[in-house]
Student: 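Structure provided below as structure tokens; questions to follow.
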Amino acid sequence: MREFGYQRASDVSGALAVLDADPDARFIGGGTNLVDLMKTGVERPSRLVDVRELPLDEIAVTRDGGLRIGATVTNSDLAAHPEVRRRYPALAQAVLAGASGQLRNMATVGGNLLQRTRCAYFTDVTKPCNKREPGTGCPAVEGEHRNHAILGASGHCVAVHPSDMGVALTAFDAVVSYETAQGPGETPLADFYLPVGDTPHRETALPPGALITGVTLPPAPVAARSRYRKVRERASYAFAIGSVAAALDVRDNVVRDVRLAFGAVASRPWRARAAERALTGGPATAEAFAAAADAELAAAEPLRDNGYKVTLIRNLVVAVLSELAEEDAR
Amino acid sequence: MASPTSSAITLTVNGDKHELTVDHRTTLLDALRERLDLTGSKKGCDQGQCGACTVLIDGRRAVSCLQLAVAAEGREITTIEGMADGEELHPVQQAFLDLDGFQCGYCTPGQICSAVGVIAEHAAGWPSAVTEDVRPEAGPPPLTPDEIRERMSGNLCRCGAYVSIAQAVARAAGAESEAVRETGEAA
């Protein structure tokens, strides 16, 4: 591991000043991904600015009935919070489906959004990787890619974003707030992750040196009936091979409102807007759910060994929406 | 722009304060084992996947292999060495002994620290990934074997002593009646 400086930030402006002066410096929250990547040499920061003690650890209901979640809130505190569980149960479920109890106690919301892909080529510095070293190539396209992207990828990178939390946040139209030395800004999570194209090393729309300060969820009554379902290769403590966050409001067997996002299918949490459009105003039947999934997955471009994900996501959409519709009918 | 790559810190472990100078690259696990001679916390994978290095930080379980020692300054660290009250074992330790919650013992300190955390998290009403209804109105889930196994999934046991580990956690949590109900066994 490269030697590095370390300091604790006591205020946001002080933290920003360090990164403004030293582009090789990094913020560290829980460190559950960053420290791991530093051990393997994927990340080589000159110094770390510890932001965990910044006053960004509050969860508050906003005036309009949404939620404001501070960037240093731990995954555990987010999933345990009564207003998260009441207003956005799929978000609590998504967080609880990720990592282990120990890691959720350490990891933070801001860090979750900025975590890196678990693509085995990315995390192995002896292998080429366009994301880690632009221009070196992507061995995953022809190599081990069972858990790689089926949507929105390019020949330059087929890695998936590993977050569960981000899938639910995407379904519920989260907005990311940040600060830079030049002032504050915000970006809808839908635009937060950049298209892969030929620049997979550029992952987010955050300006250089920006610090995520929080995430805001707009009010979404439909989210009170929502669910996150994750499929993985063992029963617990593994990354998704496919996941779905869904919320559904059905009245008189007509879909009034629906939110749908997929995980482990793309370089970012995937909002299934084509499926949502196909469903809204139509019948809440298993056939309609399957047709909506097909509408979204028509754009899928599976690789040699990950075509199963198309079927998996389709089946997940039908199962989760059917369960929500059944609950609605009660 | 160069900045120091080591710091003089004070670590509070099991109530004792230790002053030491650490290279910033030092993990809490390495500081405990190599510098403070607290070798109960074990290094399994060293990448946060096995749970053998689990300790409590400010009362919450965490993997010490991904925790930088310098970032742990000012926090209350509890290791397996600090679980017992003098000669009196912690109820989780006693349950692991009574129910053979281990075979080779390598993962056991992490299992026990994790279980202490699990019991506290459950007592605080936290749901888990197998909790059917996470809404607060549903109330806290009973600590069934499925709940225990999900909550303990961050601790691997290569000997496969999971059956007795889950029983030991249930006994220490006072949740054996849930275990009996779930499996349908006679009491």
Student: Could you check whether A/Arg85 makes a cation-pi contact with A/Tyr88, meaning its NZ or CZ is under 6.0 Å from the centre of the six-membered ring and within 45° of the ring axis?
Tutor: no
Student: Check whether A/Thr40 gets within reach of chain B through its side chain, its backbone, both or neither, counting any heavy atom under 4.5 Å.
Tutor: neither
Student: Between chain B and each of A/Asp36, A/Val84, A/Asn33, A/Asp24, count heavy-atom pairs under 4.5 Å; write down the option with the most.
Tutor: A/Asp36
Student: So which residue, B/Thr131, B/Asp46, B/Ile57, ends up with the most heavy-atom pairs under 4.5 Å with chain A?
Tutor: B/Asp46
Student: So with a 6.0 Å cut-off around CD of A/Glu233, is the heavy-atom count from everything else above 12?
Tutor: no
Student: Out of B/Ser7, B/Ser6, B/Ser3, which residue meets the side chain to side chain donor-acceptor pair (under 3.5 Å) rule with B/His24?
Tutor: B/Ser7
Student: In terms of heavy-atom proximity below 4.5 Å to chain B, should A/Met1 be classed as side chain, backbone, both, or neither?
Tutor: both
Student: At a heavy-atom distance under 4.5 Å, which candidate from B/Thr27, B/Val63, B/Asp133 has the highest pair count against chain A?
Tutor: B/Val63
Student: Is chain B contacted by the side chain of A/Arg52, its backbone, both, or neither, given a heavy-atom distance below 4.5 Å?
Tutor: side chain
Student: What I want to find out is whether B/Glu121 reaches B/Arg61 closely enough, with some N-O distance under 4.0 Å, to be called a salt bridge.
Tutor: yes
Student: Are a donor atom and an acceptor atom from the side chains of B/Glu150 and A/Ser236 found within less than 3.5 Å of each other?
Tutor: yes
Student: Counting N and O atoms only, with roles assigned by atom type, does the side chain of B/Tyr106 sit under 3.5 Å from a partner on the main chain of B/Lys43, one being a donor and the other an acceptor?
Tutor: yes
Student: Between B/Asp23 and chain A, with a heavy-atom cut-off of 4.5 Å, which part of the residue counts as in contact: side chain, backbone, both or neither?
Tutor: side chain
Student: Would A/Arg225 and A/Asp249 pass as an ion pair if we require N to O under 4.0 Å?
Tutor: no
Student: Given heavy-atom pairs under 4.5 angstrom as the criterion, report whether the side chain, backbone, both or neither of A/Asp50 touches chain B.
Tutor: side chain
Student: Which residue out of B/Ala129, B/Ala138, B/Pro136, B/Ser128 racks up the most heavy-atom pairs below 4.5 Å with chain A?
Tutor: B/Pro136
Student: Tell me, for B/Pro4 versus chain A, whether the close heavy atoms (under 4.5 Å) come from the side chain, the backbone, both or neither.
Tutor: backbone
Student: Shorter than 4.5 Å, heavy atoms on both sides: which option in A/Ala97, A/Ala92, A/Gly98, A/Gly5 has the most such pairs with chain B?
Tutor: A/Gly5
Student: Measuring heavy-atom distances to chain B, does A/Ala79 have an atom under 4.5 Å in its side chain, in its backbone, in both, or in neither?
Tutor: backbone
Student: Is the backbone of A/Leu56 close enough, under 3.5 Å, to the side chain of A/Thr72 for a donor and an acceptor to pair up by distance?
Tutor: yes
Student: Go through the atoms of B/Glu73 and report whether side chain, backbone, both or neither lie under 4.5 Å from a heavy atom of chain A.
Tutor: both
Student: Among A/Arg2, A/Arg86, A/Lys230, who wins on heavy-atom pairs under 4.5 Å with chain B?
Tutor: A/Arg86
Student: What residue in A/Ala235, A/Ala25, A/Ala94, A/Ser76 has the most heavy-atom pairs under 4.5 Å with chain B?
Tutor: A/Ser76
Student: State, to 0.1 Å, how close A/Pro45 and A/Phe4 come at their nearest heavy-atom pair, and which atoms those are.
Tutor: O-CB, 3.6 Å
Student: Step by step, would you call A/Val244 with A/Tyr228 a side chain to side chain contact (heavy atoms under 4.5 Å, CB included)?
Tutor: CA-CA 6 Å; A/Val244 166; A/Tyr228 185 73; over 6 Å; no
Student: Heavy-atom distances under 4.5 Å only: say whether B/Glu137 touches chain A with side chain, backbone, both or neither.
Tutor: side chain
Student: Please state whether the side chain, the backbone, both or neither of A/Leu48 comes within less than 4.5 Å of a heavy atom of chain B.
Tutor: side chain
Student: Need one label for B/Cys113: side chain, backbone, both or neither, based on atoms under 4.5 Å from any heavy atom in chain A.
Tutor: neither
Student: Walk me through whether B/Val70 and B/Thr26 qualify under side chain to side chain contact (heavy atoms under 4.5 Å, CB included).
Tutor: CA-CA 8 Å; B/Val70 65; B/Thr26 312; over 6 Å; no
Student: Verify, without hydrogens or angle tests, whether B/Gln67 (side chain) and A/Gly30 (backbone) share a donor-acceptor contact under 3.5 angstrom.
Tutor: no
Student: Tell me, side chain or backbone of B/Thr54 under 4.5 Å from chain A's heavy atoms, or both, or neither?
Tutor: side chain
